[in-house]
Amino acid sequence: MTPEERFEAILAADEKVEPRDWMPDAYRKTLIRQIAQHAHSEVIGQQPEGNWITRAPSLRRKAILVAKVQDEAGHGLYLYSAAETLGISRDELQDLLHAGKQKYSSIFNYPTLSWADMGAIGWLVDGAAITNQVMLTRTSYGPYARAMIRICKEESFHQRQGYEIMLTLANGSAEQKAMAQDALDRWWWPSLMMFGPPDAESTHTEQSVKWKIKRETNDQLRQRFVDATVPQAHFLGLTVPDPDLHWDEDSGHWRFGPIDWDEFWEVVKGNGPCNKERLAHKVQAWEDGAWVRDAARAHAAKHADDPMEVSA
Ligand code: BYC
């Protein structure tokens, strides 16, 4: 069997491609692009929520939010490790992000204006992320699929904590309910955009589905998210900000109105409300942490021959 035939056989048998296996260059490149983008999203995704840690309304809410934001950092670490198995270093990935040569999710370029946004992010943004990531637990590349299993468990806790914030606000005073509605109004459409462009305009979907990196398309996942989320909005007594939204008896789906793809592409190109701020903050954090990396390397070099020391 040639390496090419073995690769195809692994995919056909629904087994996992592992780092030791031969793989086409384009498969490796696609994975590096997607996993890096995913890792960067987790890390940059800490910023909008980190913004509210000092202003959480109670100690309990603050402890939960701190734990959630730390989880996102952990997700970034699993994903950078998965990307490293493809032959690219974490430092290279950071450089590519900081130079604007790799992307992170469009969703994190929107501001978090009120406490209700912590609820909307957990409910909608983590909800959209899980919809995508449950599919990715079955992705064909072993290290990525395994990272997704743990991440999904934590994301479902995140989604529930967000929904619980929304439930509390929606059942609170008229002012609190209005805050919840305002957050839903602002996060609904950007959450639908997270799944990427419509299938007809998606550059990578067809090939990624063939390689079983993606098991479903952007539009299929978006529809699944809408179907799951609309009844949750109704339970909250909130209105989804889409006049065209309606239940389609024949297909058994909630049909939604047109998405503003011009807005999506503007945000992806770097012109969203917070793109510049998010990247500048990320670069600053990386520079501020240089002494920690230097100290860890110096320590590792000094104790390289000491069997009791764990090298960095
Ligand atoms: N934002 O051909 P397509 C989280 C780009 S974080 C920006 O469909 P693909 C959380 C796309 O990269 C979870 N760019 O691409 C953390 C491509 O451009 P390039 C984040 C986007 O890869 C903290 C072009 O558009 N999840 O849970 O087949 C707090 C054409 O797109 C976006 C992931 O990253 C976007 N939304 O499919 C709370 C999941 N969409 O690269 C929560 C992993 C598309 O050719 N990623 N583009 O220059 C994926 O599953 C896929 O990469 C996507 C896109 C579905 C996002």
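We count residues from 1, following the sequence as given. Atoms within each ligand, like the ligands themselves, are counted from 1 in listed order.
- Contacts with ligand 1 closer than 4.0 Å are made by side-chain heavy atoms of K68 only, the backbone lying farther away.
- Remark: D219 engages R222 in a salt bridge, criterion side-chain N to carboxylate O under 4.0 Å.
- Classification of K68 and D71 as a salt-bridged pair fails, no side-chain N sitting under 4.0 Å from a carboxylate O.
- Contact check on D199 versus K214 returns no salt bridge, with no Lys/Arg side-chain nitrogen under 4.0 Å from an Asp/Glu carboxylate oxygen.
- Of all the atoms in ligand 1, the ones that sit under 4.0 Å from a non-hydrogen atom of G196 are 40 (N), 44 (C).
- Nearest protein neighbour of atom 32 (C) of ligand 1, counting heavy atoms only, is F264 CZ, 3.6 Å.
- Remark: ligand 1 atoms within the under-4.0 Å shell around heavy atoms of M193 are 36 (N).
- Side chain of Q223 to main chain of Q220: no donor-acceptor pair is present (N/O by atom type, distance under 3.5 Å, no hydrogens or angles).
- Considering only non-hydrogen protein atoms, atom 3 (P) of ligand 1 sits nearest to S202 OG, 3.4 Å.
- L124 and W187 get closest at one heavy-atom pair: CD1-CB, 3.9 Å.
- Closest protein heavy atom to atom 27 (O) of ligand 1: A129 CB, 3.0 Å.
- For the pair E154 (side chain) and I151 (backbone), a donor-acceptor distance under 3.5 Å is absent.
- In summary, the atoms of ligand 1 found under 4.0 Å from a heavy atom of P197, numbered by their order in the structure, are 8 (O), 30 (C), 31 (O), 44 (C).
- For atom 54 (C) of ligand 1, the choice among Q159, Q34, K214, H204 with the nearest heavy atom turns out to be K214.
- Look at D14 and R215 and you find a salt bridge, because one of the NZ, NE, NH1 or NH2 atoms lies within 4.0 Å of a carboxylate O, short of that distance.
- Between D91 and R293, no side-chain nitrogen of the basic residue sits less than 4.0 Å from a carboxylate oxygen of the acidic one, so the salt-bridge criterion is not met.
- The residue Q46 has no part lying near ligand 1, judged by heavy-atom distances below 4.0 Å.
- When only non-hydrogen protein atoms are considered, atom 56 (C) of ligand 1 lies nearest to M194 O, 4.0 Å.
- In N132, the part holding a heavy atom less than 4.0 Å from any atom of ligand 1 is the side chain.
- For ligand 1, the atoms closer than 4.0 angstrom to any heavy atom of T203 are 2 (O), 30 (C).
- Atoms of ligand 1 found under 4.0 Å from any heavy atom of F195 (numbered from 1 in listed order, with element): 55 (C).
- Residue contacts with ligand 1, taken as heavy atom pairs separated by less than 4.0 Å, involve V268 solely via side-chain atoms from C-beta onward.
- When the shell of 6.0 Å around CD of E206 is examined, it contains 12 or fewer heavy atoms from other residues, nucleotides or ligands.
- Short contacts between ligand 1 and S105, defined as distances under 4.0 Å to a heavy atom of the residue, involve ligand atoms 1 (N), 36 (N).
- When hydrogens are left out, the protein atom nearest atom 48 (O) of ligand 1 is K103 NZ, 2.4 Å; that is the closest non-hydrogen contact.
- Atom 23 (C) of ligand 1 has as its closest protein heavy atom E72 CD, 3.3 Å.
- Ion pair R160/E164 not flagged as a salt bridge, since none of the NZ, NE, NH1 or NH2 atoms sits closer than 4.0 Å to an Asp/Glu carboxylate oxygen.
- Counting the atoms of ligand 1 from 1 in the order shown, those under 4.0 Å from a heavy atom of G45 are 23 (C), 29 (C).
- Here E155 has side-chain heavy atoms under 4.0 Å from ligand 1, and that is the only part of it that gets that close.
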Next on the checklist: Evaluate M179 against W115 for side chain to side chain contact (heavy atoms under 4.5 Å, CB included), listing each step before the verdict.
Outcome noted: CA-CA 8 Å; M179 273 171 69; W115 170 253; 4.3 Å; yes

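- The minimum heavy-atom distance linking A183 with A120 is given by the pair CB-CB, 3.8 Å.
- Looking only at heavy atoms of the protein, atom 1 (N) of ligand 1 is closest to S106 N, 2.8 Å.
- Checked against a 3.5 angstrom limit, the closest N/O atoms of E49 and ligand 1 fall outside it.
- In summary, the side chains of Y78 and R150 do present a donor paired with an acceptor at a separation below 3.5 Å, with no hydrogens or angles considered.
- A donor atom on one side chain and an acceptor atom on the other are not found under 3.5 Å apart for Q37 and H40.
- In this structure a side-chain-to-backbone donor-acceptor pair under 3.5 Å is missing from D227 to R224.
- Remark: minimum distance from atom 13 (C) of ligand 1 to any protein heavy atom is reached at Q133 OE1, 3.7 Å.
- Heavy atoms of N218 found under 4.0 angstrom from ligand 1 belong exclusively to the side chain.
- Nearest to atom 7 (C) of ligand 1 by heavy atom, out of W265, Y104, Y144, F108, is Y104.
- Near R33, meaning under 4.0 Å from one of its heavy atoms, ligand 1 places the atoms 12 (O), 22 (O), 41 (O).
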